[in-house]
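Reading through the structure tokens given below for one structure.
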Amino acid sequence: MIELKQIEKNYRRGAEEVHALRGVDLSIAAGELLAITGPSGAGKTTLLHILGCLDQPSKGEVLFDGVKASSLAENKLVKLRREKIGFVFQQFYLIPRLSVFDNIALPLLFSKKSADRNKILELAALVGLEHRLDHSPAQLSGGEMQRTAIARGLVNGPEILLADEPTGNLDTENSEKIYKILRSLSENGLTTVMITHNPELAARAERAIQIRDGLIHS
Amino acid sequence: MSGFLNLSWQNLLRHRTRSILTMLGMAASVGVLFSVLSFNQGFNQGLETELERTGLHFMIVPSGCAHEVASLVLHGAVIPKFLDTKVMQHVRSTSGISLATPILVAQLPDPQRGKIDLIYGVDMAALSAIKPGWQIDGKTPTQENEVLLGYEVAQHEKLQPGDTLRTTEDGRTLIVGGIVNLTGSQDDAFVYLPIETAQALLDHPSAATAIGVKVDDPSKMVEIIESLSAAVPGIQIVTMGEVMNSISNLAASAKALSLSIVLIAILISAVGVMNSILMAVFERTQEIGMMRAVGASRFDIFRIILEETTIIALVGGLIGIFLSVLGSRLIETFVRSVVPYVPSGELISFDPKIAAGSVLFIFIIGIAAGVYPAWKAAKINPIEAIKG
Ligand SMILES: Nc1ncnc2c1ncn2[C@@H]1O[C@H](COP(=O)(O)OP(=O)(O)OP(=O)(O)O)[C@@H](O)[C@H]1O
Ligand SMILES: [Mg+2]
């Protein structure tokens with residue numbers, strides 16, 4: 001469903017040019033669970049942002065469901081992200097004064113849909129937070145915060161969920177819970193990409209790729 | 001509450017103290033704006049009704065600084081110059097005049113009380129024509145030793161109708177006949193007495209500081225004034241319209257000054273709002289990046305931030321109006337003490353148009369102050385923001 005062709009990404013850092021990605025070819029099939037590993041600074045996050053159409057490559061093509069996303073206008077990209085892509089981050093980024101319910105429903109605000117209570121309840125149940133809907137983020141554990149963020153990433157019914165070190169701030173037990181949720185999502189047909197530093201989790205994924213110095217070493 | 005509004009509102013609650021202080025800054029400036037505008041309107045209206053109520057068409061005063069003299073006579077002040085006694089005879093013999101009444105304003109010291117009374121000698125029969133708006137407790141003097149007290153004098157001296165004000169040098173006892181109800185103007189500070197008594201006390205028989213004139217037909221006023229000025233030397237004629245004009249000119253600079261101070265206050269509080277929202281934007285950079293990633297457009301972000309400023313401006317504005325209505329008495333007292341001439345009556349009354357106008361103005365200012373932070377927020381690069 002997503003295809004990357006010869007992706008390069010360069011950053012300027014003062015006078016020096018950083019080659020974050022140096023010709024990445026990657027094809028992700030619908031419904032697969034892909035783990036991305038690799039040392040710090042290898043280009044994993046850069047790759048994930050390009051997959052999520054949040055960033056544009058310096059060279060190469062991104063095909064999203066056959067559509068050339070790398071040449072879409074900003075407003076089309078916004079629409080694409082809204083409708084087809086869910087993001088989960090290492091630092092959760094929940095909004096402190098909103099309840100778990102409202103945090104999950106947040107993306108609906110931007111897609112101008114009203115929050116259907118049953119649907120939010122369903123998502124909350126999926127990540128095991130049905131009893132926490134009225135809590136504020138400060139009252140949650142790290143694992144619960146990340147599960148809230150996953151539910152938020154799913155609320156618009158995306159085709160792909162992109163998670164950047166979702167377990168990076170969590171202990172083993174909570175990491176395990178998050179992994180199981182992602183796994184069952186992909187088993188239910190959701191394409192899932194997860195960056196992780198945890199080799200054990202990567203090994204259990206359907207497919208794992210390793211990035212080093214801006215290139216894939218599978 | 002709609003989702004966006006709720007989000008903005010909750011964001012403001014994250015830094016409650018900061019938001020409240022910023023709102024209070026807005027509230028203060030809106031409150032002052034509202035008060036100044038209400039006051040200006042009340043002032044103009046008060047002046048107009050006072051003009052309408054004055055039964056006189058013009059005043060004859062000794063030549064000199066005529067406008068000042070007339071306005072001072074109208075509202076009481078002491079002028080050292082007297083009109084020549086012959087002037088009165090001239091005026092009386094001029095045709096087209098329905099009323100000509102002498103007025104004598106002077107200071108009269110009372111060594112026994114160690115005080116100086118401001119006396120206003122007037123023909124008591126013509127009083128209702130000169131001061132048609134007055135309400136009097138007790139009665140209008142009919143005897144030559146009866147006086148009428150301005151409200152403040154009565155309060156200050158703790159006198160009631162029937163009490164004795166003072167005994168004069170020539171052995172008269174001045175008795176309080178009545179007390180004028182509070183007018184809120186300089187009229188409150190005078191002792192009114194029959195003009196003959198005033199002349200006798202000053203030892204100036206038939207002296208007057210001014211002559212108030214009413215004509216039969218106001219459309220002929222100009223001709224009458226011209227013929228009078230030509231016939232009688234050493235006088236100046238000031239119409240009530242001119243008096244009111246010079247008063248409002250005098251007040252205009254005070255109004256302009258106060259308005260510009262208000263505008264500066266508003267500018268300062270707008271900068272305060274901008275600063276506080278800008279801080280909030282910088283603090284929430286990562287969160288804004290996240291929102292962009294989960295589907296917010298630049299415009300969505302712009303809107304969230306702009307709504308935060310408009311909430312601050314609107315809530316602040318409403319609080320400001322509310323407080324200034326509560327405090328209007330206080331403000332009025334203060335303004336009366338600093339503005340040279342203030343017409344009688346309540347000046348700051350709640351006018352919904354002015355209130356709505358002030359809130360609308362601050363709303364616009366709020367939006368203007370919010371545009372820059374909102375634009376900054378919309379420009380945040382989500383990739384940079386969420387890299388962590
Ligand atoms: N905005 C930027 N400007 C300059 N250089 C950047 C920028 N973003 C990323 N880089 C560089 O690109 C390279 C890849 O960064 P990236 O964030 O993708 O690494 P990563 O694999 O996600 O690392 P980590 O595991 O530490 O998160 C790094 O060398 C980084 O310093
Ligand atoms: Mg990274």
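Lettering of chains follows the sequences in order, A, B, ..., and the numbering in each one begins at 1.
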Need one label for A:L109: side chain, backbone, both or neither, based on atoms under 4.5 Å from any heavy atom in chain B.
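Interface part for A:L109: both.
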Are there over 12 heavy-atom neighbours, none belonging to B:F299, within less than 6.0 Å of that residue's CZ?
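Incorrect, the count does not exceed 12.
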Is it the case that more than 12 heavy atoms not belonging to B:K255 sit under 6.0 Å from its NZ atom?
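It does: B:K255 NZ has more than 12 such atoms within range.
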Write down the atom of B:G295, the atom of A:R82, and the distance for their closest heavy-atom approach.
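Closest pair (atom of B:G295, atom of A:R82, distance): O-NE, 2.6 Å.
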For B:A293 against A:F87, the heavy-atom pair lying closest together
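Heavy atoms only, the tightest pair is O-CD1, 3.5 Å.
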B:R292 bridged to A:E74 by N-O distance under 4.0 Å:
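A:E74 and B:R292: salt-bridged.
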Can you list the steps and then say if B:N6 with A:D102 is a side chain to side chain contact (heavy atoms under 4.5 Å, CB included)?
CA-CA 10 Å; B:N6 182 45; A:D102 286 338; 4.1 Å; yes
Non-hydrogen side-chain atoms of A:L54 and B:I386 separated by less than 4.5 Å
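In contact.
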Minimum side-chain heavy-atom gap A:F110-B:F4 below 4.5 Å:
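Yes. Closest side-chain heavy atoms under 4.5 Å.
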How many angstroms lie between atom CG of B:L13 and atom CZ of A:R97, to the nearest 0.5 angstrom?
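Answer for the CG-CZ pair, B:L13 versus A:R97, is 4.5 Å.
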Dump the intermediate steps for side chain to side chain contact (heavy atoms under 4.5 Å, CB included) on B:D300 and A:K112, then the final yes or no.
CA-CA 10 Å; B:D300 290 330; A:K112 316 315 186 251; 2.8 Å; yes
Side chain, backbone, both or neither: which part of B:N11 has an atom under 4.5 Å from a heavy atom of chain A?
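Just its side chain gets close to chain A.
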Segment of B:I304 engaging chain A (4.5 angstrom heavy-atom cut-off):
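Looking at B:I304, just its side chain touches chain A.
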Using the side chain to side chain contact (heavy atoms under 4.5 Å, CB included) rule, take A:L106 and B:M290 through it: C-alpha gap first, then chi angles, then the decisive distance, then the call.
CA-CA 11 Å; A:L106 182 75; B:M290 173 277 289; 3.8 Å; yes
Working note: A:I95 + B:Q10, criterion side chain to side chain contact (heavy atoms under 4.5 Å, CB included); need CA distance, chi angles, decisive distance, verdict.
CA-CA 9 Å; A:I95 297 192; B:Q10 296 299 339; 6.0 Å; no
